[in-house]
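Scroll down for the structure; my scribbles are underneath it.
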Amino acid sequence: MTLSLQWEPTHLLWHAGASPNGGPYRQTFVLCGLLIVGGWFSAARGVPRPAALLGGGALLGALALAARGSVDIDPWTYPAFGIAAALVLAAVLVALLGERRNTARVLPVLAVALLLAAQAGEAAVTGKRIEERQRAEVAWSPRIGPWHTAVAEEAARADAWPRHRTDPGEVPGGNDVLVVGGQGPDYYSSLTSEITSRTLASLGFGFYAKGRHPVTLDNPVTDALFSIGTRIRSTPTGPVRQDALPRATVSAATRPVPPLVTVRPAGRPATHPGDSAFARQERLLGADVYELPPVTRTGRTLTARCPAGSQVWFWGPEYRGGATLAGERPVHFEGKPPAVQAPMRTLGTVPGSGAVRIELTPEAERGLPRQPVGCLLQDRLDSAVRQLTATGATEVSTTGHTVTARLPQGSTGTAVLAAPRISGWRCAAGDAEPRPARAYQGLVAVPLDGRAASVTCSFRPPGLTLGGAVGAAALLALLATWALHRRGAAWPRRRAAR
């Protein structure tokens with residue numbers, strides 16, 4: 001069983017073809033459960049014979065020896081294992097002695113006490129060492145503290161859902177963003193849809209854990225695309241680690257954004273071509289808001305020219321290191337493919353000369369995309385936001401799984417819901433029958449013919465009906481097995497009664 005969990009073909013079979021993040025640690029729980037089942041069957045009919053005990057002990061010793069090179073083995077591991085194994089062996093010997101002396105009642109109790117001491121002692125040592133290593137090494141998962149409380153209070157104060165989203169920004173911990181409220185994309189789940197991860201990454205968002213953990217993107221264009229009207233920003237004021245309560249200065253900023261449901265006219269928008277995140281943002285927005293200048297690279301320096309006063313954005317999803325616009329502070333990027341993609345970030349404002357000069361200090365040799373620099377013109381973006389707001393939904397309402405939007409009379413083109421188009425979305429225009437949603441540049445879309453005054457989109461997890469049916473069948477099979485067992489056990493008793 002252990003080998004089947006580690007050998008790639010059977011490992012993938014166990015996990016339905018997709019190895020989970022942190023697989024070896026999760027497999028530990030599966031293996032421990034199987035060992036408990038095996039132990040129960042081994043001892044259900046009494047203490048095993050000496051040959052079986054010696055064989056099992058030898059196998060356990062072999063597994064312990066094989067693990068000696070693991071990074072999880074430390075100076076406490078083998079002493080704790082040895083003492084626990086000795087206590088278990090003593091418990092077995094006492095139990096065997098108790099079987100031979102049927103009048104001795106204290107020996108079985110002593111055997112149970114020794115077994116519990118072995119289990120509790122090993123668990124205590126393991127828990128102690130895990131806690132010590134977490135406090136020393138795991139800075140990304142600190143305790144919940146004043147930082148989280150401040151963000152939660154600010155998110156509750158600024159909440160305007162469903163008029164627009166509130167993004168709580170980044171807070172310490174993998175999933176603590178869900179604790180503080182808001183509607184940002186920054187969360188971790190092994191069930192994160194590949195479409196969601198791929199769509200966000202194509203627009204310049206970053207991620208961790210090979211796409212399972214999207215991270216927020218503090219960019220006014222994507223804020224407009226996803227109707228993020230309020231953004232919360234945090235500046236740490238103390239250490240971020242396991243042994244300290246995280247603290248930060250928290251602020252909220254609100255800007256006009258289009259509604260959750262907008263209308264895009266028929267035809268392809270006249271925006272920059274190409275596959276850069278800047279061009280994809282423009283195609284989804286339907287407006288040309290960036291200047292995408294030719295970039296010259298000389299050694300570790302990038303040079304270009306942009307309109308004075310525009311905002312310089314740097315996009316290097318695989319780049320790890322610093323990037324500094326002349327006259328501005330350095331900005332650090334943490335790209336590490338395939339596990340980590342760095343989000344695009346602003347480097348500062350283009351000076352009056354129009355010269356853009358960026359100094360790179362890479363920590364690893366990774367290539368940059370063909371268009372790593374875009375210069376955002378705020379007046380163009382403001383105009384695009386006003387246009388999408390004027391033609392977008394006049395009212396949006398939501399329930400747990402449904403979004404309904406009222407549209408201006410005679411709307412034609414495509415209604416776009418600011419959410420990635422993953423499997424499970426069904427939409428309808430007006431009173432039409434719901435159908436699987438279409439996609440517009442990766443987002444949920446509904447065609448409009450000018451007659452519908454509203455659109456409704458609902459989400460149901462794909463496979464919910466089939467999964468429910470399989471679960472019900474498994475429950476029925478379990479009940480049938482129990483009924484057959486009861487009937488089989490009662491039959492010999494009825495025979496004996498006759």
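Everything quoted here is computed from the prediction, not taken from an experiment.
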Can you find a pair of side-chain heavy atoms, one from [X] and one from [Y], that are under 4.5 Å apart?
{"X": "Glu282", "Y": "Ser276", "value": "no"}
{"X": "Ile36", "Y": "Trp40", "value": "no"}
{"X": "Pro146", "Y": "Leu245", "value": "yes"}
{"X": "Pro408", "Y": "Thr391", "value": "no"}
{"X": "Val88", "Y": "Leu115", "value": "yes"}
{"X": "Tyr440", "Y": "Leu284", "value": "yes"}
{"X": "Arg68", "Y": "Ile73", "value": "no"}
{"X": "Arg264", "Y": "Leu388", "value": "yes"}

I'd like to know whether Phe226 forms a side chain to side chain contact (heavy atoms under 4.5 Å, CB included) with Leu203, so could you lay out the CA-CA distance, the side-chain angles of the two residues, the decisive distance to 0.1 Å, and finally the verdict. CA-CA 11 Å; Phe226 290 98; Leu203 295 171; 3.9 Å; yes
Exceeds 12 heavy-atom contacts within 6.0 angstrom, atom CZ of Arg198: yes
If we check ring-ring contact (aromatic ring centres under 6.0 Å, His included) with His213, which of these qualifies: Phe205, Tyr187, Tyr208? Tyr208
Atom pair [atom1] ([X]) and [atom2] ([Y]), whose distance is rounded to the nearest 0.5 Å:
{"X": "Ser197", "Y": "Gln341", "atom1": "OG", "atom2": "CD", "result": "8.0 Å"}
{"X": "Glu194", "Y": "Ser423", "atom1": "CD", "atom2": "OG", "result": "11.0 Å"}
{"X": "Leu110", "Y": "Leu93", "atom1": "CG", "atom2": "CG", "result": "11.0 Å"}
{"X": "Ile195", "Y": "Ile422", "atom1": "CD1", "atom2": "CD1", "result": "7.5 Å"}
{"X": "Asp167", "Y": "Ile232", "atom1": "CG", "atom2": "CD1", "result": "8.0 Å"}
{"X": "Glu8", "Y": "Leu12", "atom1": "CD", "atom2": "CG", "result": "5.0 Å"}

Is there a side chain to side chain contact (heavy atoms under 4.5 Å, CB included) between Asp159 and Gln183 once you walk through the steps? CA-CA 9 Å; Asp159 180 61; Gln183 299 87 31; 3.5 Å; yes
Per-pair distances, 0.1 Å, donor-acceptor, side chain in residues 442-462, under 3.5 Å, sequence neighbours excluded:
residue : atom : partner : partner atom : Å
Asp449  : OD1  : Arg451  : N            : 3.0
Asp449  : OD2  : Arg451  : NE           : 3.0
Asp449  : OD2  : Arg451  : NH2          : 2.7
Ser458  : OG   : Thr402  : OG1          : 2.9

Using side-chain hydrogen bond (donor to acceptor under 3.5 Å, both in side chains) as the criterion, point out the one residue from Asn219, Thr166, Thr216 that pairs with Arg231. Thr216
Do Thr414 and Arg438 have side-chain atoms, one donor and one acceptor, less than 3.5 Å apart? no
Testing the 3.5 Å rule here: is there a donor-acceptor pair between the side chains of Trp147 and Ser234? yes
Side chain to side chain contact (heavy atoms under 4.5 Å, CB included) assessment of Tyr188 paired with Arg212: CA-CA 6 Å; Tyr188 173 90; Arg212 294 177 174 90; 3.8 Å; yes
Within the distance-only criterion (no hydrogens, no angle test), does the side chain of Thr199 pair as donor or acceptor with the backbone N or O of Thr196 below 3.5 angstrom? no
